[in-house]
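To start, the structure itself, in structure tokens.
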Amino acid sequence: MSEHTHSEEKHITSYKAYFIVWVVLMVLTFLTVYVSYFDFGQLNIVVAMVVASIKAGAVALFFMHLKFEDPITWLYALFPIGLLFLLIGMTIVDTFTRIFPL
Amino acid sequence: MTWIPEAASNLAGKVDGVILVITLISIFFFVLISAVLIYFAVKYRRRRDDEETPYITGSEPLEIIWTVIPSILLILLFVYGFVVYKEMRTPPKDAVDITVTGKQWLWTFDYYNGKKTLNELYVRQNRPVRMIMRADDVLHSFFIPQFRVKQDILPGRYTQLWFTPTKVGTYDLFCAEYCGTGHSQMLAKVIVLSPEAYDIWEKGIGVDEGANVASLPPAELGAKIYKEKGCNACHSIDGSVVIGPSFKGLYGKTGVFEDGSSYTADENYIMKSILEPQEEIVEGFQPVMPSFKGILSDDEVTAVIAYIKTLK
Amino acid sequence: MANHTIANNVYVPFLEQKGFLSWFLTTDHKRIGILYLISISLFFLIAGILALLMRFELMTPMSDFVSPHTYNVLFTLHGSLMVFFFIVPGLAASFGNFLIPLMIGAPDVAFPKLNLASYWIYLVGTIITLYALLSPADTGWTFYTPYSATTDTDVVMITFGVFVLGFSSILTGMNFIVTIHKMRAPGMTWHRLPLFIWASYATAVLQLLATPVVGITLLMLIAERSLGVGFFDPAKGGDPVLFQNFFWFYSHPAVYIMIIPAMGVISEIIPVFSRKPIFGYKAIAYSSLGIAFISFLVWAHHMFTSGISEVAATIFSFLTFLVAIPTAIKVFNWIATLYKGSIELHSAMLYALGFVFLFTIGGLTGVFLGALAADIHLHDTYFVVAHMHYVMIGGTVMGFFGALHFWYPKWFGKMFNESVAKLSWFLIFVGFNVTFFPQFFLGIQGMPRRYATYPEEFESLMALSTYGSWILGLGVLIMTVNLIKGLYSTEKAPQNPYGSLSLEWQVPSPPPTLNFEEIPTVTDWTYGYGKKKEVDA
Amino acid sequence: MEQANMEHAEDHGLHLTPEQEYGISKLGMWLFLGTEIMLFGGLFAAYAIFRAKYPELFLESHQELNREMGAVNTCILIFSSLTMAIGVTAIQRGKQMLAGIMILVTIICGLGFGVVKYFEYGAKFAHHIYPDTNIFFSLYFMMTGLHMLHVFIGLAVLGVIMVLTFKGKFNEKYSTPVEIGGLYWHLVDLVWIYLFPLLYLVG
């Protein structure tokens with residue numbers, strides 16, 4: 001099983017990098033709360049979700065070291081998200097294309 | 001008995017077409033696969049223990065053939081099924097509406113002409129009808145095998161289906177979605193009348209075995225109503241408690257209502273229970289019985305009472 | 001693997017150690033496999049007896065043996081026990097546990113303790129569900145709302161039991177995926193893996209990612225009953241069909257959790273008894289992954305009449321037809337493997353061929369249910385009952401029995417009586433067809449499922465089906481006795497009675513505790529049977 | 001090395017090197033995180049559908065929630081994620097004391113999150129808002145409740161890891177449990193990153 005050892009060499013992230021990510025996360029949190037006080041209609045949820053996804057991406061990539069993981073880990077990190085979109089997407093397709101008689 | 005029930009609606013023949021085509025294709029593939037399987041198993045059976053076998057690991061042309069041919073067939077079948085489905089789901093503009101309500105465990109039908117029936121659906125031959133359906137409590141499903149139509153009905157929202165009955169006759173209507181203890185008793189009859197007979201029924205003159213019914217003795221008529229109007233879904237005649245009290249030994253029995261007052265099950269009590277079931281609830285039972293006011297005539301109520309009297 | 005050395009070379013079979021704790025604290029994948037095997041077999045027999053009782057009641061149109069309510073409880077328990085306690089853990093947990101490390105050349109699974117924990121979780125789920133039997137639910141195994149939210153019977157306990165079981169399934173799946181990724185012996189590349197491993201991998205992915213959805217759905221149902229929330233209650237703005245969407249998002253992949261391992265078993269048995277390399281290895285391997293993936297896309301084909309939109313029904317019908325393609329590929333490849341083989345009709349091979357035969361019927365009748373117009377008529381009738389049993393019994397259970405007979409000597413180091421095994425196969429095969437083939441006709445005639453009583457015109461076919469169930473029951477009884485008796489036989493099984501090339505047959509029967517004295521180095525694929533031409537080498 | 005190896009091999013029943021065990025455990029944890037995503041996924045799907053169905057109800061109801069408390073909790077969780085990440089790097093560099101303290105801070109943050117949540121729930125109940133009030137609050141209580149459950153599980157796991165860290169069980173050569181625990185804790189943060197805007201901000 002020596003073939004695996006190379007890819008599993010640990011990558012150690014520096015404290016400084018974590019602080020930068022944390023500052024970015026805090027700024028984004030402040031931003032999303034601030035924006036929520038204005039009414040942009042449907043745009044609100046879009047902005048909120050985009051900001052949340054950037055934050056989630058930062059946490060996953062740096063705090064969780066996904067950036068340094070092998071393709072298999074990437075696959076299993078992304079595949080459930082794809083499935084989740086499928087579940088949400090298709091149930092929405094069903095719910096909102098029903099024809100109501102009367 | 002034929003392999004598929006009588007086709008008694010305009011849609012039935014089309015659905016049968018789909019079923020038939022798939023059946024033929026299935027039989028073809030099934031015979032092919034099992035014939036080859038048995039042929040190989042016999043022809044290449046082990047005769048000696050040291051037999052040599054060739055090292056064959058696969059064949060790309062074969063893989064492609066048996067991927068592509070079924071794929072094409074399957075897509076064609078999908079399209080065929082879809083085309084018929086689309087027609088089944090698109091009611092014509094001239095269809096008349098009947099509102100169907102399912103509840104544990106009976107069907108009520110409200111007609112466009114103001115009539116209302118229980119567990120009996122009257123439709124006119126060759127006129128398209130649209131069912132606007134809703135459930136009162138849990139899921140049910142409106143299923144008429146001879147018409148090849150089925151649609152679940154749900155509480156809280158309407159679903160629909162349509163058909164044009166093409167043959168005069170009486171057909172079974174089943175509840176096809178499991179709905180509890182009385183599920184298998186949630187049956188109704190679909191009565192397809194010729195245009196003339198339908199007009200008579202619409203004017204309010206009983207056409208279903210009118211003369212016949214009148215000549216029955218009350219207790220026998222009551223027994224008939226007990227089955228046809230769905231009393232049997234909730235009231236047993238053998239003493240067991242299903243949903244409502246059993247009819248066995250009911251007449252003359254005494255008991256208490258939920259508010260504590262007591263009653264004796266005499267003629268008036270039974271009549272009131274049939275026509276205004278929500279007024280007084282016997283202790284230990286749920287207020288679930290629908291009113292049969294306007295569904296059973298006075299004579300019919302009398303007949304049911306006479307029938308209950310016979311169940312000692 | 002430099003530091004892998006075991007001092008003693010004395011062969012100690014894994015079954016050697018005795019005592020209760022040596023079983024319930026074991027982390028040996030083979031022993032855990034046996035624990036699962038015993039548990040699921042018990043539930044199979046119990047649920048099978050429930051089925052016999054139901055068929056007995058259905059012999060006549062009236063409700064004369066049990067009351068309608070009891071009948072409803074019977075089919076609910078039969079379905080729940082068969083699905084959640086037998087067939088979902090089924091082959092994956094029992095034979096998967098036993099075979100995966102052996103086949104890939106590993107001493108154990110990646111997380112042995114977690115493996116044991118999975119079994120305990122399974123037991124806890126079992127106990128909760130048995131407790132729920134004090135007031136058995138009458139909802140059907142699908143727990144459809146709003147009936148499940150309103151019935152007086154105890155739905156919370158049984159769904160909670162199933163919820164707990166789900167975690168057993170999830171952890172097992174996770175364990176197997178990691179094992180297959182990380183624990184393969186040197187030289188065991190992906191394209192040398194036995195097809196059972198490919199099948200187990202596909203199954204594990206489904207267990208891992210589909211099961212949590214049913215978990216949360218059942219939690220929502222429990223909240224509906226206990227906290228009064230209204231996700232599925234139209235009176236509170238909820239939607240009963242949403243429950244079905246969520247439920248089938250798991251339960252359709254679950255069908256493949258049940259069947260894919262059986263397909264893997266068949267792919268192992270057929271080459272060995274034909275002495276031929278499996279035909280189209282890559283096609284079978286990738287079709288397992290293909291089926292697993294597509295199975296996430298087809299869930300609403302259980303719901304064409306349930307009130308989903310026409311648009312959704314059309315999309316799902318189309319995707320459903322796609323899933324037939326990889327399935328067909330497998331069947332064709334199995335049959336092509338027989339070509340020019342040297343076929344021995346061992347009982348395991350009979351089960352494998354029976355599988356191909358019955359599964360073909362199950363698959364083809366699935367096409368009826370995938371086609372929109374035909375499904376409208378056939379949905380929720382006995383046609384569906386027959387189709388499902390052809391896939392589940394004709395497919396999975398045949399595969400399970402085949403696996404039992406095939407790996408029996410390896411697992412226990414003993415032999416069963418082969419003639420009796422063939423006889424029981426014959427009874428099971430005939431009994432099964434007599435039981436379920438008439439149900440296709442019942443369904444086409446319009447006989448709805450889950451009926452405690454039924455109109456008289458269906459009586460003759462229903463009675464025939466009941467007679468068949470007796471033959472089937474007798475066959476299973478004989479098989480069970482034969483296999484249990486085999487355990488007490490004095491005859492020792494040889495290491496490799498069938499001349500298989502797979503790794504598990506290269507260790508003694510039963511295997512030693514750590515499987516391999518030394519981790520093997522693999523140089524060829526598993527299916528190198530037959531005489532190679534120079535070019536191929 | 002040999003010492004560590006023997007110990008964990010014993011632990012594992014398998015004869016794996018710490019490197020192998022590390023790779024195995026990490027892949028296993030990521031798979032489990034995939035499961036968790038799907039577990040919350042059902043609720044997210046329900047949220048998407050009911051929000052699309054009843055936008056006014058969601059808009060109205062979400063104003064009952066305390067945006068400030070939610071924001072404070074978000075900051076707490078993000079900070080705890082930072083300390084957790086620092087703890088992981090510390091142990092990878094062999095600094096057991098620093099790692100232990102960082103995990104302790106993470107646990108304190110987690111408890112703080114729980115306290116804020118306790119007051120939030122209390123305020124809701126005081127206003128007679130319960131899970132059966134309407135669909136929005138059903139979702140609110142189920143989503144945050146399930147999340148809270150994960151926080152508690154995470155706290156228990158981190159508690160054990162912290163004790164072992166202070167006892168010096170982990171070092172630069174063997175830090176797998178700390179990293180695995182960290183991954184789980186970050187997932188708790190990840191889920192909250194979505195729950196916060198969905199429930200508190202846009203409704």
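Each chain gets a letter, A, B and so on, in the order the sequences are listed, and its residues count up from 1.
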Which bit of [X] comes within less than 4.5 Å of chain D, counting heavy atoms only: side chain, backbone, both or neither?
X         : result
Asp239(C) : both
Leu208(C) : both
Ile170(C) : side chain
Leu219(C) : both
Phe231(C) : both

With a sphere of 6.0 Å drawn around CZ of Phe293(C), does it hold more than 12 non-hydrogen atoms of other residues, nucleotides or ligands? no

Around atom OH of Tyr118(D), are there more than 12 heavy atoms from other residues, nucleotides or ligands closer than 6.0 Å? no

Could you tell me whether the side chains of [X] and [Y] share a donor-acceptor contact shorter than 3.5 Å?
X         : Y         : answer
His186(D) : Ser81(D)  : yes
Asn175(C) : Ser118(C) : no
Ser175(D) : Glu179(D) : yes
Tyr201(C) : His181(C) : yes

Please check if the side chain of Trp299(C) supplies one atom and the backbone of Gln244(C) the other of a donor-acceptor pair under 3.5 Å. no

Polar side-chain atom of Arg184(C) near backbone of Leu193(C) as donor-acceptor pair, under 3.5 Å: no

Against chain D, work out which of Gly228(C), Gly173(C), Gly238(C), Gly237(C) has the most heavy-atom pairs shorter than 4.5 Å and name it. Gly237(C)

Of the listed Thr133(D), Asn134(D), Leu139(D), the one with the largest count of heavy-atom pairs under 4.5 Å with chain C is Leu139(D)

Pick out which of Phe137(D), Phe141(D), Phe125(D) makes a ring pair (Phe, Tyr, Trp, His ring centres under 6.0 Å) with Tyr130(D). Phe125(D)

Close approach to chain C in residues 33-53 of chain D, criterion heavy atom under 4.5 Å: Gly34(D), Thr35(D), Met38(D), Leu39(D), Gly42(D), Leu43(D), Ala45(D), Ala46(D), Ile49(D), Phe50(D), Lys53(D)

